[in-house]
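Below: one structure, written as structure tokens.
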Amino acid sequence: MQTILGANGQIANELAKALKQEHTPEIRLVSRRPQKINDTDTLLPADLLDPSQTSRAVEKSETVYLTVGLPMDSKMWAARFPVMMRNTINACKEHGAKLVFFDNTYMYPQDSRLLTEESPFAPVGKKGEVRKEIAEMLLAEMNAKTRQLEAVICRAPEFYGPGKTQSITNSFIFDRIHQHKKPKVLLRDDTLRTLIWTPDASRAMALIGNTPDAYGQTWHLPCDDNRLTYKQFMGLVSDVYGKHLPYSVIPKIALQIGAIFSKKVREIQELLPRYEHDNLFDSSKFKMRFPDFAVTTFEEGIKRIKAEQADAGNRRSADA
């Protein structure tokens, strides 16, 4: 049995598909209100803030994937993420399950340095501090002399992708295109971006979770090495959509003023440095270990998003 904790997000959705297609038919999906992805999935409602419910969710699992996401709310992150991580660690140790943690890059320096698995933690803002805390909590278990937990960290940069992928790139570019609105870019359009296609992140995590010698390490999940600026990215988007798609760049002062009136804008303030600098996330370690893994190119990903949006539009027209 392989179990996904936090099973309602896009990463978990794609992970369940990848596990079923390539690794195991026995998948348990755990969240407050889990829904089947594959016909054979087992559903288990649970609150990971409760240690006994977390233990019950992990029981009889060989491998557990922690993919929980929370709204962009620093207070909520500080109150919930460490509790969920500690409960998950304890449950995996109790039941002898391996743990695969899906992590982000908020704890890294937010500048133009090349980010590798060995990069130091230097968080900017509360959300980054929380991600540092829970990553170090798990690393302490992984590095303990009397190791009682077999675990691995899978780390990904900013997403873009199909379905209900939640990211700044999806929200400010692809969702707005679908809504017939002008796309927007934060701060600058001339800095290089590293983006990961969400199905690639999930497939890679499933592969790592089922590779025994991958444990005890941190892995950067694979991205297209053809890093683009948002200006170049929007040019490619226009090419794929077959029409010129003008966009606007939101200046820093506008975001600072917006933060006065909008909690949502306030919550992204600490993320802005990554848009002021090149974002260089290195996934060469994964590519050397798994050379046959096919990474989705930007062009392939954008074509899939366009096709999905066209299908959604056709369905709405048919229902009208």
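A distance-only check finds no donor-acceptor pair linking the side chain of Q148 to the backbone of K93 [under 3.5 Å]. Of the possible polar contacts, one joining the D200 side chain to the T296 backbone as a donor-acceptor pair under 3.5 Å is found. Remark: side-chain polar atoms of Q269 are paired, donor with acceptor, to backbone N or O of V265 under 3.5 angstrom. For Q232 (side chain) and T229 (main-chain N/O), a donor-acceptor pair under 3.5 Å exists by modelled atom type. Counting only distance, with no hydrogens or angles, the side chain of D224 and the backbone of T297 share no donor-acceptor pair below 3.5 Å. N170 places no side-chain N or O within 3.5 Å of a backbone atom of S167 that could act as its donor or acceptor partner. Judged by distance alone, the side chain of T67 and the main-chain N or O of L5 form a donor-acceptor pair under 3.5 Å. Under the 3.5 Å distance criterion, the side-chain polar atoms of S119 are matched with a main-chain donor or acceptor of T116. No donor-acceptor pair under 3.5 Å is formed between the side chain of E150 and the backbone N or O of K98. R131 contributes no side-chain N or O that, together with a main-chain N or O of T105, makes up a donor-acceptor pair within less than 3.5 Å.
We find the CD-SG distance between E59 and C92 to be 12.5 Å, quoted to the nearest 0.5 Å. With rounding to the nearest 0.5 Å, the separation of NE2 in H178 from NE2 in H180 is 7.5 Å. Put simply, OG on S284 and NE2 on H220 are 9.5 Å apart, with the number rounded to the nearest 0.5 Å. Atom CD1 of I153 sits about 4.0 Å away from atom CG of L139, to the nearest 0.5 Å. Taking OG1 of T191 as the reference point, atom CG of L228 lies at 11.5 Å (rounded to 0.5 Å). To the nearest 0.5 Å, the span separating CD on E117 from CG on D282 amounts to 6.5 Å.
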Sequence neighbours excluded and cut-off under 3.5 Å, please list the side-chain donor-acceptor pairs for residues 75-83, or say none.
{"residue": "W77", "atom": "NE1", "partner": "P71", "partner atom": "O", "Å": "2.7"}

List, one per line, each side-chain donor-acceptor pair under 3.5 Å for residues 233-243, sequence neighbours excluded.
{"residue": "S238", "atom": "OG", "partner": "M234", "partner atom": "O", "Å": "3.1"}
{"residue": "S238", "atom": "OG", "partner": "L245", "partner atom": "N", "Å": "3.1"}
{"residue": "Y241", "atom": "OH", "partner": "Q309", "partner atom": "OE1", "Å": "2.7"}

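Under the 6.0 Å cut-off for aromatic ring centres, Y160 and F298 qualify, their centroids lying closer than that. When ring centroids are compared, H277 and Y108 stay outside the 6.0 Å threshold.
In Q166, the CD atom is not crowded: 12 or fewer heavy atoms of neighbouring residues, nucleotides or ligands sit closer than 6.0 Å. Counting heavy atoms of neighbouring residues, nucleotides and ligands inside a 6.0 Å radius, atom NZ of K126 does not exceed 12 of them. For CD of E118, the number of neighbouring non-hydrogen atoms (other residues, nucleotides, ligands) closer than 6.0 Å is 12 at most.
No side-chain donor-acceptor contact under 3.5 Å links N210 and E22. A donor-acceptor pair shorter than 3.5 Å can be found between the side chains of T194 and R227. Between the side chains of S55 and E94, a donor-acceptor pair is found at a separation under 3.5 Å. Judged by distance alone, the side chains of S74 and E267 do bring a donor and an acceptor atom under 3.5 Å apart. Of the N and O atoms on the side chains of N8 and S31, at least one donor lies less than 3.5 Å from an acceptor on the other residue.
Heavy atoms only, all atoms of each residue included: A151 and L138 are closest at CB-CD1, 3.8 Å. Residue P120 comes nearest to P109 through the heavy atom pair O-CD, 3.2 Å, listed as atom of the first residue, atom of the second, then distance.
A 4.5 Å side-chain heavy-atom check between R28 and M1 finds at least one atom pair inside the cut-off. Residues F174 and T169 form a side-chain contact, since some pair of their non-hydrogen atoms from C-beta on lies under 4.5 Å apart.
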### Task
Might you work through the side-chain hydrogen bond (donor to acceptor under 3.5 Å, both in side chains) test for N38 and T40, ending with a clear yes or no?
CA-CA 5 Å; N38 310 296; T40 56; 5.5 Å; no

### Query
Going through the distances and angles, do L255 and L187 end up as a side chain to side chain contact (heavy atoms under 4.5 Å, CB included)?
CA-CA 9 Å; L255 292 166; L187 300 184; 3.8 Å; yes

### Message
Assess the residue pair K285 and Q217 against the criterion (side chain to side chain contact (heavy atoms under 4.5 Å, CB included)); give the C-alpha distance rounded to whole Å, side-chain angles, the decisive distance to 0.1 Å, and a yes or no.
### Response
CA-CA 11 Å; K285 174 183 173 180; Q217 305 176 58; 3.0 Å; yes

### Query
Where do D213 and R289 land on the salt bridge (Lys or Arg N to Asp or Glu O under 4.0 Å) test, with the steps shown first?
CA-CA 10 Å; D213 65 9; R289 175 62 181 80; 3.0 Å; yes

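Salt-bridge annotation for K263 and D73: present, with a side-chain N of the basic residue lying under 4.0 Å from a carboxylate O of the acidic one. Ion pair D189/K231 not flagged as a salt bridge, since none of the NZ, NE, NH1 or NH2 atoms sits closer than 4.0 Å to an Asp/Glu carboxylate oxygen. A salt bridge between R304 and E300 is absent, with no side-chain N of the basic residue lying under 4.0 Å from a carboxylate O of the acidic one.
Each of K252, E158, R193, Q110 was evaluated against Y275; a single residue qualifies, E158, per the side-chain hydrogen bond (donor to acceptor under 3.5 Å, both in side chains) test. A side-chain contact (heavy atoms from CB on, under 4.5 Å) with F121 is found for one member of E133, E129, M107 and no other, namely M107.
Under a 4.5 Å side-chain heavy-atom cut-off, the cluster of Ile, Leu, Val, Met, Phe, Trp and Tyr residues that includes F290 is completed by I4, I11, L15, L19, I27, L29, I37, L43, Y65, V100, F102, V152, F159, I196, M205, L207, I208, Y215, W219, L221, F286, F293, V295.
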